[in-house]
Amino acid sequence: RYVASTLIDVYAKHGSMTDARAVFDKLSERDKVTWSAVITGYVQNQNGQEALSLFQQMLRFGEQGDNVTSVNILNACSTTAAVEQGQLIHACLVDGEFQVDTFLGSALIDMYASHGKLEDARRVFESLLERDVGVWNAIIESCTTSNNHRLAMYYFECMQMENLMPDDITFVCLLSMCSHMGLLEEGWHQLKLMIGQYGILPIVEHYNCIIDLLGRSGFLTEADNVLQNMPWQPT
RNA sequence: GGAGUACACGUGU
């Protein structure tokens, strides 16, 4: 039972889409899970085009998919030029019986933001009935990737007023913005806050941001110092 | 049995 989808998933996560596809192609019976396992594989291996093409095939086979499928397709739309496809999914979601949950919400926000449609991203955010940390991170990311420091910090405050704690991803977004904008003091401050006040352990992405920020600001000794004091060896 | 939100650098468009 369920060997096929598991096998497809394992191959896909390993980066062997050829093997994943071979398993999928040999199946006599396909359900939404096997379809979405292989579609996810293509998305995660940066082949959004193939993911979208398989999705079309799936529809032609009469398989409808579910929320998971929709999230995958929205993801594929984020990494390709297929904005219309994403908007279509969005329209179907609003029209249909599918509830726009937090997973769909963050995928929609990300899809719009990836294509520079920040107003649409914001409208999705406003329309959500439930917002978890992933949804907040998605809207914060839409600000940080467009270097909108003010708005990012505004959302950062808002999420906490709604009793949601920022997580490591939230701080990756903020630090990345600081790094892009050359905001050394702000970035350093955020990092200290993250560790001291929020009790979040730095991951390699945080180090990337802060070391880059120090280096670009001319603090090479300090950058090297941070590098040497990481809990693991630089590779 | 399948899903969302995340970093830097370099090269090219």
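Naming convention: chains lettered A, B, ... in sequence-line order (proteins, then strands); numbering from 1 in each chain. Owing to the predicted nature of the structure, the values given are computational and were not obtained by experimental measurement. Any value given below was found using the heavy atoms of this structure, including those in side chains, with hydrogens, waters and symmetry copies removed.
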Colleague: For A:I200 versus A:P166, what's the shortest heavy-atom pair and its separation?
Modeller: CD1-O, 3.6 Å
Colleague: Quick one: label A:L104 by what it contacts on the DNA or RNA (base, sugar-phosphate, nothing), any heavy atom closer than 4.0 Å.
Modeller: nothing
Colleague: Between the side-chain atoms of A:S5 and the base atoms of B:G1, is any donor-acceptor pair under 3.5 Å?
Modeller: yes
Colleague: What's the closest nucleotide to the A:N208 side chain, out of B:A3, B:A8, B:C7?
Modeller: B:C7
Colleague: Determine whether a donor-acceptor pair (one donor, one acceptor, N or O, separation below 3.5 Å) exists between the side chain of A:D31 and the base of B:G1.
Modeller: yes
Colleague: Rounded to the nearest 0.5 Å, what's the gap from NE2 on A:H180 to CZ on A:R216? Could you check?
Modeller: 8.5 Å
Colleague: Among B:C7, B:G2, B:G4, which nucleotide has an atom closest to any side-chain atom of A:T40?
Modeller: B:G2
Colleague: Tell me: CG of A:L214 to P of B:A8, nearest whole Å?
Modeller: 15 Å
Colleague: Using whole Å, what does the distance between atom C1' of nucleotide B:C9 and atom NE2 of A:H180 come to?
Modeller: 10 Å
Colleague: How would you label the contact of A:N75 with the nucleic acid (heavy atoms, under 4.0 Å): base, sugar-phosphate, or nothing?
Modeller: sugar-phosphate
Colleague: Heavy atoms only: give me the nearest A:R131-A:E126 pair and the separation to one decimal.
Modeller: NH2-O, 3.2 Å
Colleague: Return yes if the base of B:G2 and the side-chain atoms of A:D66 contain a donor-acceptor N/O pair under 3.5 Å, otherwise no.
Modeller: yes
Colleague: Between the side chains of A:Y155 and A:E141, does any donor sit under 3.5 Å from an acceptor?
Modeller: no
Colleague: With a non-hydrogen cut-off below 4.0 angstrom, is A:T170 in contact with a base, only sugar-phosphate, or nothing?
Modeller: nothing
Colleague: Of the nucleotides B:A6, B:C7, B:A3, which one has an atom closest to the side chain of A:I203?
Modeller: B:A6
Colleague: Roughly how many Å is it from CG in A:L7 to C1' in B:G2, rounded to a whole number?
Modeller: 13 Å
Colleague: Closest to the A:S176 side chain: B:G1, B:A8, B:G2?
Modeller: B:A8
Colleague: The side chain of A:R216 lies closest to which of these nucleotides: B:G1, B:C9, B:G4?
Modeller: B:C9
Colleague: Decide yes or no, distance alone: a donor-acceptor N/O pair under 3.5 angstrom between the base of B:G4 and the side-chain of A:D132.
Modeller: yes
Colleague: Within the structure shown, what part of the strands sits under 4.0 Å from A:T144 by heavy-atom distance: base, sugar-phosphate, or nothing?
Modeller: nothing
Colleague: Is it the case that the side chains of A:N229 and A:N225 hold a donor-acceptor pair, with the cut-off being a distance below 3.5 Å and no angle test?
Modeller: yes
Colleague: Report the nucleotide, chosen from B:A8, B:G1, B:A3, that has the shortest atom-to-atom distance to any side-chain atom of A:D212.
Modeller: B:A8
Colleague: Using a 4.0 Å heavy-atom cut-off, does A:R30 contact any base of the nucleic acid, only the sugar-phosphate backbone, or nothing at all?
Modeller: nothing
Colleague: Side chain of A:S179 only, please: which of B:A3, B:A6, B:A8 is the nearest?
Modeller: B:A8
Colleague: For the residue pair A:N72 and A:T69, confirm or rule out a side-chain donor-acceptor distance under 3.5 Å.
Modeller: no
Colleague: Return the value, rounded to whole Å, for the distance between atom CH2 of A:W35 and atom P of B:A3.
Modeller: 17 Å
Colleague: Considering every strand and a 4.0 Å limit on heavy-atom distances, what is the contact class for A:V38: base, sugar-phosphate, or nothing?
Modeller: nothing
Colleague: Which nucleotide in the list B:G1, B:G2, B:G4 gets nearest to the side chain of A:K32?
Modeller: B:G2
